[in-house]
Amino acid sequence: MVVGVTDAAGDARPVAIVGAGSIGVAFAVLFARAGCAVRLIDPVDGALERAAVDVAERLALLDTHGLLAENVEAVTARIGFAADLADGVAGAALVQECAPERLDLKRDLVAQIGALADPDAVIASSSSAIVPSAIAAELPSSVADRVIVGHPGNPPYLLPVIEVVPTPVTRPESVELAVAVYRRAGLRTVLVRREVEGFVFNRLQGALLREAYCLVRDGVASADDVDEVVRSGLGLRWSFMGPFETVDLNTRGGIAAHAERMGPAYERMGAERGQRDPWTADLVDRVVAERRDILPLDEWSERVRWRDEQLLRLQALRHESAAPARKEAT
């Protein structure tokens, strides 16, 4: 059954995806798998044919792992392919722009979408770092106030998080509509409250990458050793917890105790790289308050046991997946 935002007559409105490259295909798989009607649009010769092959391969892979609720044919039938932009965006509740990460290209494409799409359609750029205000600059207000960035983890059908980044002039109802469409597709939405280059996802990823490069440069560790620390340590915890919950559960007394004990060391590490961002008392208090709203301290021990259970499950899965390799080696 097709689901999603409906029009006044109660008919489901499709999602339009402009750009049939890897991220466009990934979005098509995401929305179609969730029951939404999808139009994948690309005027470049051969792009749609290549996209159809990519869609089929990705759906087959999901099906092999038991991650489709329906057969491949039913999901594929929800995806339409269009070379004409006007035909593709007509009637769409949300238009997801998936052009390469070039400001001039995105500006031009968003302007075209704004002139052709329904007047209430959200125009969402998949930009990884370009802020939506830059994309919406010089556009008519009737278009600019519908522009957001909808930046997913890649691929979005496997990483169920998307950053929703409005501009200062984006209408609240446009943000609400985008959030509704994304959530109905199974994504967890993160509202980015202030425009910054790279948003949250790539700011966090960039911070780790900068330090990783420095550790290799300074002869502290090899590239593979850095990866080993992440894949066998940090990454296991971060697969089901974020950095704040991780340190909150690492120290009895929670994140306040962790900040008191480890804050000075982290400040010295940052200063060594020329980054002077101490964890001030008011900042720590703010994070502590947010964490205690989520997890009161009298529930801390129970949550630590939950963390350990998740790690045990991950270890069992890793052991199971390694078993064939061990068997072959013997």
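The figures that follow rest on heavy atoms only: side chains count, while hydrogens, waters and symmetry mates do not. Remember, it's a predicted structure, so these values are computed and weren't measured experimentally.
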Only residue of Ile135, Ile113, Val89 satisfying side-chain contact (heavy atoms from CB on, under 4.5 Å) with Ile123 is Ile113

Got a sec: does the CD of Glu260 have more than 12 other heavy atoms crowding it under 6.0 Å?
-> no

From Asp277 CG over to Glu267 CD, what is the distance, rounded to the nearest 0.5 angstrom?
-> 9.5 Å

Contacts of type side-chain hydrogen bond (donor to acceptor under 3.5 Å, both in side chains), residue Arg102, not counting sequence neighbours = Asp104

Who passes side-chain hydrogen bond (donor to acceptor under 3.5 Å, both in side chains) against Thr280, sequence neighbours left out?
-> Asp282

Quick one: side-chain hydrogen bond (donor to acceptor under 3.5 Å, both in side chains) pairs with a partner in residues 135-146, sequence neighbours left out?
-> none

For Val161, which fellow cluster members are found when Ile, Leu, Val, Met, Phe, Trp and Tyr are connected by side-chain heavy-atom distances below 4.5 angstrom, either directly or through intermediates?
-> Val190, Phe201

Evaluate side-chain contact (heavy atoms from CB on, under 4.5 Å) for Val29 paired with Leu59, printing each intermediate quantity in order.
-> CA-CA 7 Å; Val29 169; Leu59 288 175; 3.8 Å; yes

Heavy-atom closest pair (Leu48 atom, Ala83 atom, distance to 0.1 Å) is CD1-N, 3.8 Å

dist Arg188:CZ -> Arg183:CZ (nearest 0.5 Å) comes out at 11.5 Å

Do the non-hydrogen side-chain atoms of Arg252 and Ser301 ever get within less than 4.5 Å of each other?
-> yes

Any salt bridge (charged side-chain N to carboxylate O under 4.0 Å, His left out) pairs touching residues 214-225, not counting sequence neighbours?
-> Asp218-Arg273, Asp224-Arg231

Is it true that a side-chain atom of Thr170 and a backbone atom of Val147 form a donor plus acceptor pair closer than 3.5 Å?
-> yes

Beyond-backbone contact of Leu208 with Trp238, side-chain heavy atoms, under 4.5 angstrom = yes

Co-membership, hydrophobic cluster, residues Leu295 and Val287, 4.5 Å side-chain = no

Residue pairs passing the salt bridge (charged side-chain N to carboxylate O under 4.0 Å, His left out) test where at least one lies in residues 114-132, sequence neighbours excluded | Arg13-Asp118, Arg13-Asp120

Working to the nearest 0.5 Å, report the span between CD of Glu309 and CG of Leu311.
-> 10.5 Å

In short, Val164 meets Pro166 closest at the heavy-atom pair O-CD, 3.5 Å

Quick check: does any side chain N or O of Arg33 sit under 3.5 Å from a backbone N or O of Leu67, one acting as donor and the other as acceptor?
-> yes

Sequence neighbours excluded, which residues qualify as ring pair (Phe, Tyr, Trp, His ring centres under 6.0 Å) partners of Phe240?
-> Trp306

What's the shortest heavy-atom distance between Val122 and Ser174, and which atoms?
-> CG2-O, 3.3 Å

Find out whether Arg78 and Glu70 are in side-chain contact, i.e. whether some heavy atom of one side chain is under 4.5 Å from a heavy atom of the other.
-> yes

Can you find a pair of side-chain heavy atoms, one from Pro156 and one from Ile23, that are under 4.5 Å apart?
-> yes

What are the two closest heavy atoms between Ala129 and Glu101, and how far apart are they?
-> N-OE2, 2.9 Å

Check whether Phe199 and Leu204 end up in the same hydrophobic cluster, where Ile, Leu, Val, Met, Phe, Trp and Tyr are linked by side-chain heavy atoms less than 4.5 Å apart.
-> yes

Mind checking whether Pro168 and Ser133 have side chains closer than 4.5 Å, heavy atoms only?
-> yes

Measuring from His151:NE2 to Ser128:OG, what's the distance to the nearest 0.5 Å?
-> 4.0 Å

At what distance, to the nearest 0.5 angstrom, does CD1 of Ile17 lie from CD1 of Ile79?
-> 7.5 Å

Joint hydrophobic cluster, Phe27 plus Val75, side-chain heavy atoms closer than 4.5 Å = yes

Output yes when a side-chain donor or acceptor of Glu163 lies under 3.5 Å from a complementary backbone atom of Val192, and no otherwise.
-> no

Other than Leu215, which residues form its hydrophobic cluster under the rule that side-chain heavy atoms must be closer than 4.5 Å?
-> Val216, Val220, Val226

Please set out all donor-acceptor pairs under 3.5 angstrom arising from side-chain atoms of residues 241-250, sequence neighbours excluded.
from: Glu245; atom 1: OE2; to: Arg303; atom 2: NE; distance (Å): 2.7
from: Glu245; atom 1: OE2; to: Arg303; atom 2: NH2; distance (Å): 3.0
from: Thr246; atom 1: OG1; to: Gly242; atom 2: O; distance (Å): 2.8
from: Asp248; atom 1: OD1; to: Ile255; atom 2: N; distance (Å): 2.7
from: Asp248; atom 1: OD1; to: Arg292; atom 2: NH1; distance (Å): 3.2
from: Asp248; atom 1: OD1; to: Arg292; atom 2: NH2; distance (Å): 3.3
from: Asp248; atom 1: OD2; to: Arg291; atom 2: NE; distance (Å): 3.0
from: Asp248; atom 1: OD2; to: Arg291; atom 2: NH2; distance (Å): 3.2
from: Asp248; atom 1: OD2; to: Arg292; atom 2: NH2; distance (Å): 2.7
from: Asn250; atom 1: OD1; to: Arg307; atom 2: NH1; distance (Å): 3.4

Can you tell me if Glu97 uses its side chain to pair, donor with acceptor, with the backbone of Lys106 under 3.5 Å?
-> no

side-chain hydrogen bond (donor to acceptor under 3.5 Å, both in side chains) pairs, two or more places apart, involving residues 42-63 | none

Which atom of Ala124 lies closest to which atom of Tyr182, heavy atoms considered = CB-OH, 3.3 Å

Check whether any side-chain heavy atom of Leu314 lies under 4.5 Å from a side-chain heavy atom of Ser239, and answer yes or no.
-> yes

Stepwise, does the side-chain contact (heavy atoms from CB on, under 4.5 Å) test hold for Gln96 with Ser126?
-> CA-CA 7 Å; Gln96 188 78 38; Ser126 300; 2.9 Å; yes

State, with a plain yes or no, whether a side-chain heavy atom of His65 is found less than 4.5 Å away from one of Leu61.
-> yes

Indicate yes or no: at least one non-hydrogen side-chain atom of Phe31 is less than 4.5 angstrom from one of Val181.
-> yes

Do Val15 and Val179 share a hydrophobic cluster, counting only Ile, Leu, Val, Met, Phe, Trp and Tyr and linking them when any side-chain heavy atoms are less than 4.5 Å apart?
-> yes

When rounded to the nearest 0.5 angstrom, what distance separates CD1 in Ile162 from CD1 in Ile148?
-> 7.5 Å

Output all residues satisfying side-chain hydrogen bond (donor to acceptor under 3.5 Å, both in side chains) with Thr76, sequence neighbours left out; order by chain, then residue number.
-> none

Is Leu297 reachable from Val288 through a run of I, L, V, M, F, W or Y residues, each pair having side-chain heavy atoms under 4.5 Å apart?
-> no

For residues Arg171 and Pro119, report the shortest heavy-atom separation together with the two atoms involved.
-> NH2-O, 3.6 Å

Can you run down the salt bridge (charged side-chain N to carboxylate O under 4.0 Å, His left out) pairs that involve residues 193-210, sequence neighbours left out, and say none if there aren't any?
-> none

